[in-house]
Amino acid sequence: MLRAQEEWEALETLQTGLHSEKSGLLGDFPGQTSLISFNEALQYFQTADMSEYKKKIQPAVRRSGLSLISHLLFGPPRLSKELHAERDLVLAIAQCPLDSSQQVHIRVLQTIYKRLTGARFDCPLYGSHWEQLGFQGLDPSTDLRAAGLLGLMHPLYMAMEPKTLPLAHDIFRLSQHHTQNFPFCIMSINITRICLQALREERVSKECNRRQQVFAVLNDFYVATFYHLYHIWKTQNKTISDSGFVLKEVESFAKRNPKELLRQLDIYLQERPLPKDLSPEIWDQQPIESSNQNRSNGNICFTGVCEQQVQEDRLI
């Protein structure tokens, strides 16, 4: 009864706000915000003032003793200095909390909901419908404390990119299976945490240096890791009781074999036909621009970061 009352009050609040000119969160059609692309969301963070919180991030894992010597002699190459600003922005976004007063934040959340569920209209910001998407409660921001807005940027990329949208639908459908179900968004946040740890441990530095990009590489690494988990989960008939073991296995493989992980994803995407019913605006999206331009003109800055105490060696 209490949950039903909370959802009804949230719905009334949303309906009251549909005609409010002050909210600025809704599009031309009542109750429907426009979809937001990954690039548009990324540009928001690139131009926002995040400098106050930049000093709170830890760009790389601290090593000492034999671990440091081993890493210097046999470890992966270090990230190019030209990419440090882009890397720091990734880590800053990972500490930025979901803010319901920020239009871009809400558009990202609503876009993911609509792209995965097929809904046409916005849903209330609080309610049990978020559990359908794979959050643990009525408020998505609670779960996002582990990975910040990066925990939404990654599924946004997968859901808005034409070549990966079918995979996003496949994974979401499996998460709704009557015996193999799992919380989609919680699993996605765990994948994002694996990506963050791989970035901080310089596991993907070689690929970042080769492509001279961080965001694009990390996006592909996220999708590839999620696909690897999906393949194991589906083919080996895993259930929610296996989630901890599967995540550990996926994390270990992803860190040891990032190149092989990306190769597996490429093979899958080449064999998986693109859907024919994609909306035209999706095809008009531009690919993620190289960060060289942003670094050269000094436009990258940092804002909206909350300090987190995250034990990054633990999965949710």
Side-chain angles (χ1 to χ4, degrees), residues 21-27 33-60 79 81-113 115 122 125 139-161 185 188-189 192-193 195-196 199-200 208 212-219 222 285-310:
E21 296 179 356
K22 296 182 180 180
S23 64
L25 297 180
L26 301 178
T33 60
S34 59
L35 299 180
I36 186 170
S37 68
F38 177 87
N39 286 338
E40 183 180 352
L42 177 58
Q43 288 171 4
Y44 161 80
F45 288 107
Q46 288 175 331
T47 57
D49 180 15
M50 303 178 79
S51 56
E52 179 182 355
Y53 303 95
K54 177 184 175 182
K55 52 192 171 185
K56 296 182 180 180
I57 64 176
Q58 295 182 5
L79 188 69
K81 291 183 178 180
E82 291 78 10
L83 298 175
H84 283 188
E86 190 177 356
R87 175 203 59 191
D88 292 350
L89 180 58
V90 171
L91 298 175
I93 294 174
Q95 296 196 49
C96 180
L98 177 65
D99 185 352
S100 60
S101 67
Q102 292 292 332
Q103 179 181 1
V104 171
H105 293 198
I106 300 306
R107 288 179 63 199
V108 169
L109 185 63
Q110 295 285 0
T111 296
I112 295 171
Y113 179 83
R115 293 292 285 173
D122 291 346
L125 298 182
D139 183 2
S141 63
T142 303
D143 296 326
L144 288 169
R145 292 173 184 171
L149 262 295
L150 194 66
L152 291 182
M153 291 290 284
H154 278 160
L156 174 69
Y157 170 80
M158 185 164 64
M160 290 298 287
E161 184 70 20
C185 284
S188 172
I189 292 171
T192 295
R193 285 168 61 84
C195 294
L196 284 169
L199 177 65
R200 296 181 68 242
C208 290
Q212 283 296 292
Q213 292 179 312
V214 177
F215 272 106
V217 171
L218 211 62
N219 284 341
Y222 162 83
Q285 294 185 67
Q286 298 297 322
I288 300 175
E289 297 178 358
S290 171
S291 56
N292 292 334
Q293 180 180 357
N294 290 322
R295 288 193 299 271
S296 62
N297 57 27
N299 285 338
I300 292 185
C301 44
F302 308 85
T303 192
V305 181
C306 64
E307 184 176 6
Q308 287 182 313
Q309 296 180 353
V310 177

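Below, each value reflects all heavy atoms present in this structure, side chains not excepted, and no hydrogens, waters or symmetry copies. Counting from 1, the numbers follow the sequence of the chain as shown.
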Peer 1: Measure the OG1-CD1 distance between T33 and I106 for me, rounded to the nearest 0.5 Å.
Peer 2: 9.0 Å

Peer 1: Let me confirm one number: the CD-CD1 distance from Q46 to I93, rounded to the nearest 0.5 Å.
Peer 2: 8.0 Å

Peer 1: Applying side chain to side chain contact (heavy atoms under 4.5 Å, CB included), can you list everything that pairs with C185, at least two apart in sequence or on another chain?
Peer 2: L133, F135

Peer 1: If you define the side chain from C-beta out and look only at heavy atoms, does anything of P155 sit under 4.5 Å from R115?
Peer 2: no

Peer 1: Going by side-chain contact (heavy atoms from CB on, under 4.5 Å), V214 matches just one of L83, L91, D88, L89. Which one?
Peer 2: L83

Peer 1: Just to verify, what does E40 make a side chain to side chain contact (heavy atoms under 4.5 Å, CB included) with, not counting sequence neighbours?
Peer 2: I36, S37, R107

Peer 1: State which residues pass side chain to side chain donor-acceptor pair (under 3.5 Å) with T192; sequence neighbours excluded, sorted by chain then number.
Peer 2: H154

Peer 1: Distance check, rounded to the nearest 0.5 Å: Y157 atom OH versus I112 atom CD1?
Peer 2: 14.0 Å

Peer 1: Rounded to the nearest 0.5 Å, how far does CZ of R87 lie from SG of C208?
Peer 2: 10.0 Å

Peer 1: Between Q213 and L218, is any pair of side-chain heavy atoms under 4.5 Å apart?
Peer 2: no

Peer 1: Search all heavy atoms of I189 against all heavy atoms of A146 and return the closest pair with its distance.
Peer 2: CG2-CB, 4.1 Å

Peer 1: Nearest heavy-atom pair of A94 and L150: which atoms, and what distance?
Peer 2: CA-CB, 3.9 Å

Peer 1: Which pair of heavy atoms, one from L109 and one from P140, lies closest together, and at what distance?
Peer 2: CD2-CG, 4.1 Å

Peer 1: As an exercise, state the distance from CE of M158 to CG of N219, rounded to the nearest 0.5 Å.
Peer 2: 10.5 Å

Peer 1: Can you tell me which residue pairs pass the salt bridge (Lys or Arg N to Asp or Glu O under 4.0 Å) test with a partner in residues 146-160, sequence neighbours excluded?
Peer 2: none

Peer 1: So do P97 and L144 actually touch side chain to side chain, heavy atoms under 4.5 Å?
Peer 2: no

Peer 1: To the nearest 0.5 Å, tell me how far Q102 CD sits from Y44 OH.
Peer 2: 3.5 Å

Peer 1: Do F215 and F38 have side chains that approach each other closer than 4.5 Å (heavy atoms only, starting at C-beta)?
Peer 2: yes

Peer 1: Any side-chain heavy atom of L152 sitting closer than 4.5 Å to one from L149?
Peer 2: yes

